[in-house]
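Below is one structure, written out as structure tokens, with a few remarks after it.
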Amino acid sequence: MNPLTAIPSSLDIKKIRDQFPVLHQRVNGKPLIYFDNAATNQKPKQVINALVEYYQGYNANIHRGIHTLAEQATKAYETTRHSMQKFVNAEHVEEIIFTRGVTESINLVASSYGRVFLKENDEVIISGLEHHSNIVPWQMACEEKKAKLKIIPITEAGEINLDVYQNQLSARTKIVSINHASNSLGTINPIKKIIKLAHEVGAVVLIDGAQAAAHLKIDVQAFGCDFYCISSHKMYGPTGAGILYGKKELLEKMPPYMGGGEMIKDVTFEKTTYNDLPYKFEAGTPNIADVVALNEAVNFINELGKDQIAEYENELLAYATKQLSAIPSVKLIGTAKEKVAVQSFIIEGIHHFDMGQMLDTRGIAVRTGHHCTQPLMERLGLEGTVRASFSVYNTKEEIDELIESIKRIINFLK
Ligand code: C6P
């Protein structure tokens, strides 16, 4: 039994919290309670130290230099590529492309794959649960190619309607792009089924793994997806880094996304030949330090174990959901059966911004608003929600504090 949480768990939460310096501070005079983990989660010391060690010890540009520091930096950068290959269980290391995160990864595919393989009257399917980063790039590609964007509707609980999806699929469907887990509602989508159905009509599938990477096991070979996108900063790593996993045979057929730097083999004024994978998609000096430190985020997750993390976060979610639903004026938004540790809610008569601001005065960080999912909010008839999202370093005591604060704010504003 863990003394801090009173939750049966193989994880020592106090020891885990000790690894996160940012958690040990007061905000507005109160101990910080950080429940904005779906926006970005906090960084353990080993990630922060990796950044400092890189800049203090072996900062150099990679791949081009032959001096010692350049070789050290290159080795560290490529080590993360191998770690990320294992993290998502990709068959080949060159299937891991470093990007700035999920938004850039989706834009890369929409623009590069879309440019070549989308034709007039083709169809791209996304769901009603998507983040703007998995909507706008497809709108842009469809507009350019005169293709059609179709949306899978969702249920009141926030689940994808698979029957409608099945009917939407046809020989015209070229791309299906869906999140693994929803940032606003926490819904875990049945991606294996979605991928299988898309492949039956010959479409390729991109999975936006932004909200899955820190919580769910990722096995791109078992999923069968064609592309999978991850942001480092949502899995305890630094901001400004992430990956695109792509099946080798597809990446090989795709044109480069940006030109210059590492992506060339040979340049003359008449013609450029492009580099091999993965470098074909990594133009310019990449975000070396943050990619190097991402390796430590992978180590952190592996040391704790994804199953243990998920088990503990599920306990927190169940605890929070039960308590929130017991407050009469609170309405839970997003009640899918399978969820990551995200709970959105609204409070009768209180605007979500006001609730967020008042919670902040009590040191509690939540996100409020549309969470970059405006079409989803419109579908639910909402302007926005309050969203509490939990991580492995959160505790039941923190949830108690959230609940107590919400009750007091409701009473105060009545
Ligand atoms: N969601 C949230 O508070 P970037 O910014 O590129 O790392 O990730 C974009 C993105 C794409 N898809 C999903 C499902 C996401 O949740 C996000 C980021 C944050 O919910 C910031 S809006």
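Quick note: numbers below take in every heavy atom, side chains included, and nothing from hydrogens, waters or symmetry partners. The first residue in the sequence is number 1, and the count goes up from there. Just so you know, ligand 1 is whichever comes first in the structure, and atom 1 is the first atom listed for that ligand.
A salt bridge between K280 and D276 is absent, with no side-chain N of the basic residue lying under 4.0 Å from a carboxylate O of the acidic one. D36 has no carboxylate O lying under 4.0 Å from a charged side-chain N of R367, or vice versa, which leaves the two without a salt bridge. Electrostatic pairing of K45 and E296 does not count as a salt bridge here, judged by no charged N lying under 4.0 Å from a carboxylate O. The pair R172-E123 meets the salt-bridge criterion, since a charged nitrogen lies less than 4.0 angstrom from a carboxylate oxygen.
Heavy atoms of R100 come nearer than 4.0 angstrom to ligand 1 in no pair at all. Within the 4.0 Å heavy-atom shell around ligand 1 one does not find N134. Ligand 1 lies out of reach of E104, whose nearest heavy atom is not under 4.0 Å from it.
The protein heavy-atom contact nearest to atom 9 (C) of ligand 1 is T103 OG1, 3.5 Å.
Figure legend: K192 and F223 shown without cation-pi pairing, the cationic atom not lying both under 6.0 angstrom from the six-membered ring centre and within 45 degrees of its axis.
The proximity of R387 to ligand 1, defined as any non-hydrogen pair under 4.0 Å, is limited to the side chain. Contacts between V102 and ligand 1 below 4.0 angstrom, taking non-hydrogen atoms only, involve backbone and side chain alike. With a 4.0 Å cut-off on non-hydrogen atoms, A39 touches ligand 1 through its backbone as well as its side chain. At a 4.0 Å heavy-atom cut-off, ligand 1 does not touch E130 at all.
Aromatic ring centres of Y257 and F281: separated by at least 6.0 Å. For F390 and F35, the distance between ring centers is under 6.0 angstrom.
Against a heavy-atom cut-off of under 4.0 Å, S231 is close to the following atoms of ligand 1: 4 (P), 6 (O), 7 (O), 8 (O).
Considering backbone and side-chain N/O atoms, K234 comes within less than 3.5 Å of an N/O atom of ligand 1. Of the polar atoms of D208, at least one N or O is found under 3.5 Å from an N or O of ligand 1, judged by distance alone.
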